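Quick one: this structure, given as C-alpha cells, is what I'll be asking you about.
Letters A, B, ... are given to chains in the order of the sequence lines, protein chains preceding strands, and every chain is numbered from 1. Given the structure is predicted, the values throughout are model-derived calculations rather than measurements.
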Protein chains: 2
Amino acid sequence: MTTRWLTPEEQRAWRAYIAASQLLEDAIDRQLQQEAGMPHLFYSVLANLSEAPDRRLRMTDLAETLKITRSRLTYAVTRLERDGMVRREDCRWDRRSSLAVLTDAGMAVLERTAPGHVDTVRASLFDRLTPEQVGQLEEICTGIARGLQEPEAGGAAEDVPWRRRSSPCSGQPPAQS
Amino acid sequence: MTTRWLTPEEQRAWRAYIAASQLLEDAIDRQLQQEAGMPHLFYSVLANLSEAPDRRLRMTDLAETLKITRSRLTYAVTRLERDGMVRREDCRWDRRSSLAVLTDAGMAVLERTAPGHVDTVRASLFDRLTPEQVGQLEEICTGIARGLQEPEAGGAAEDVPWRRRSSPCSGQPPAQS
DNA sequence: CGATCTTGGTTCAAGTTTGAAGCAAACCTA
DNA sequence: TAGGTTTGCTTCAAACTTGAACCAAGATCG
C-alpha cells in the first residue's frame, strides 16, 4: 500500500505539537534546574514518591508510572541518593526488588520548590487554555497513552498471554488474591 | 500570594500529557533509530532542509524553527555531516553564518525512511484522534507555543525594542526592504 | 575611524540518556 | 528439585544535551 501522507491539518497539528512540547519541556526544565537544581524527571521522581504510601516505591513500579526505562530511573535515583533526597531500601518480600524512599530532605526540597513549579506549569500551559481545552487535552493524551502502551496490536503474534504486570504492591506484601 | 495549585482536572490533564508525550517521543525515536539510524531530531533537520528553498538553511534559522539551541544543532549537523547527509557551506552575504545543505545522499535517506516515519506518526497519534481532536490539538499547541516564545511578559523590562529576528533570508541576499 | 555591542557559530566539560549485557533472585515445570 | 525461563535491577560505553565560554564578523555610535 502506498503511504498515507499526513493531511494539511494533520501536518499543522503535528508541527505545532512538536514545537509546543519542545518549548514546554524546555521551560519546565529550565525553571526546575534554577530553583531545584534538577531536571524535570528528577523532580517527578520525588513527586511520585511523596504521594506513594509510606513514601516508597519499587524501582520498576516507579519506572512504569513515569514511562521511562529502568536504566534511566537507576541513574536518576543514584544521583538523588547522592544528594540525600532519596534512599534505597531492600524489599522484604522480594529480595530482587529495591525501593526508593523519599527522605525528609527530599520532601523538604519538594515542598520548597513545588509552588514555583506549579506556577511555571500554569504560566506556560493552563493559563493559556480554556476549561474545555483542558478537557480536550486530557482526552487526547489519555487516548494516545493508552494506545502506545497496548501490547503491540497488528501482527499475529498475539497468542502470548501478555499477563498484565502483576504485582502493583510497591513494597507491601503481595495481596491475598 | 499563596500558590494556586492545579485543579483535579488540570492534574489529570498534566499527567496524561506528560505520559503521552514521553511515550510518543519514545515510539518515534525508536522507530527512526531502527529505520534511519538517527533520532527524531536529526530526521527533522533533514526534513526541514528538504523543504527549504535550495535545500539549505542558516544554522540559526534552522535552530529557530526547530526550537532548539544552536549548540544542539551544531552537534546534530556535525554528525549528519560526518555521515554525508548534510554539508556545510559558507554564507556569501554574511561571513559569520554558515548554511546547512541537504546532500543527495541525505535526500535519499529521507525519501527512503519518510513512509515508515509517517506510518508511525499515524499509528501512534492520528489514527487515534477524531478530526475534531486534530483541530483541537493544533489549536492548543499553537497557543502554547506562541505563549512560550513571547518576550517574557510580566516585568517592566519591556522597554527594549525587541525587534523580531530580522533576517529570515536563509542564505539569500537580504531583501530590499 | 575606533571602541563597543550584538549576532552567528563553535567548543568544551559536565550531565543525562540509550540499549545491550550482565547478575541474582523468583518462578515454572517436568 | 534440577534446569530453564522470567523478573528486578544495575553496569557500561557510546551517544546526545546543556550551558557557559569563546571567537570572529557585522552593526552602532560618538
- request: Return the value, rounded to whole Å, for the distance between atom CG of A/Leu80 and atom C1' of C/dG15.
  value: 13 Å
message: Rounded to whole Å, how long is the line connecting atom CG of B/Asp94 with atom C1' of D/dA27?
response: 11 Å
message: Check whether B/Gln11 reaches the backbone of B/Pro8 with its side chain - one donor and one acceptor, N or O, closer than 3.5 Å.
response: no
- request: Using whole Å, report how far NE2 of A/His40 lies from P of C/dT16.
  value: 15 Å
- request: Find the distance A/Asp90:CG to D/dC9:P and express it as a whole number of Å.
  value: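 Computing the A/Asp90:CG to D/dC9:P distance gives 11 Å.
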- request: Would you give a per-nucleotide map of nucleotides 11-24 of chain D, 5' to 3', where B means the base has a protein non-hydrogen atom under 4.0 Å away, S means only the sugar-phosphate does, and - means neither?
  value: B---SBBBB-----
- request: Could you check B/Arg95 against A/Arg88 and say which one's nearest nucleotide on DNA chain D is further toward the 5' end?
  value: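 Closest to the 5' end, via its nearest nucleotide, is A/Arg88.
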task: May I ask you to check whether B/Thr142 and A/Arg12 show a side-chain donor-acceptor distance below 3.5 Å?
output: no
field: Separation of atom CZ in A/Arg70 from atom C1' in C/dG22, rounded to whole Å
entry: 13 Å
- request: Would you please name every residue forming a side chain to side chain contact (heavy atoms under 4.5 Å, CB included) with A/Gln31, sequence neighbours left out?
  value: A/Glu35, A/His117, A/Thr120
message: Side-chain N or O of A/Thr60 versus OP1/OP2 of D/dC9: is the shortest distance under 4.0 Å?
response: yes
query: Distance only, no hydrogens: is a donor on one side chain within 3.5 Å (strictly under) of an acceptor on the other, for B/Arg30 and B/Gln34?
result: no
task: Check A/Asp26, A/Leu24, A/Asp119 against A/Ser124 for a side chain to side chain contact (heavy atoms under 4.5 Å, CB included) and give me the one that passes.
output: A/Leu24
message: For A/Tyr43 and A/His40, take the angle between the two ring planes, folded into 0 to 90°, and tell me which bin it lands in: parallel under 30, tilted 30 to 60, perpendicular over 60.
response: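 Tilted.
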message: In whole Å, I'd like the distance from the CG atom of A/Leu73 to the C1' atom of C/dT18.
response: 14 Å
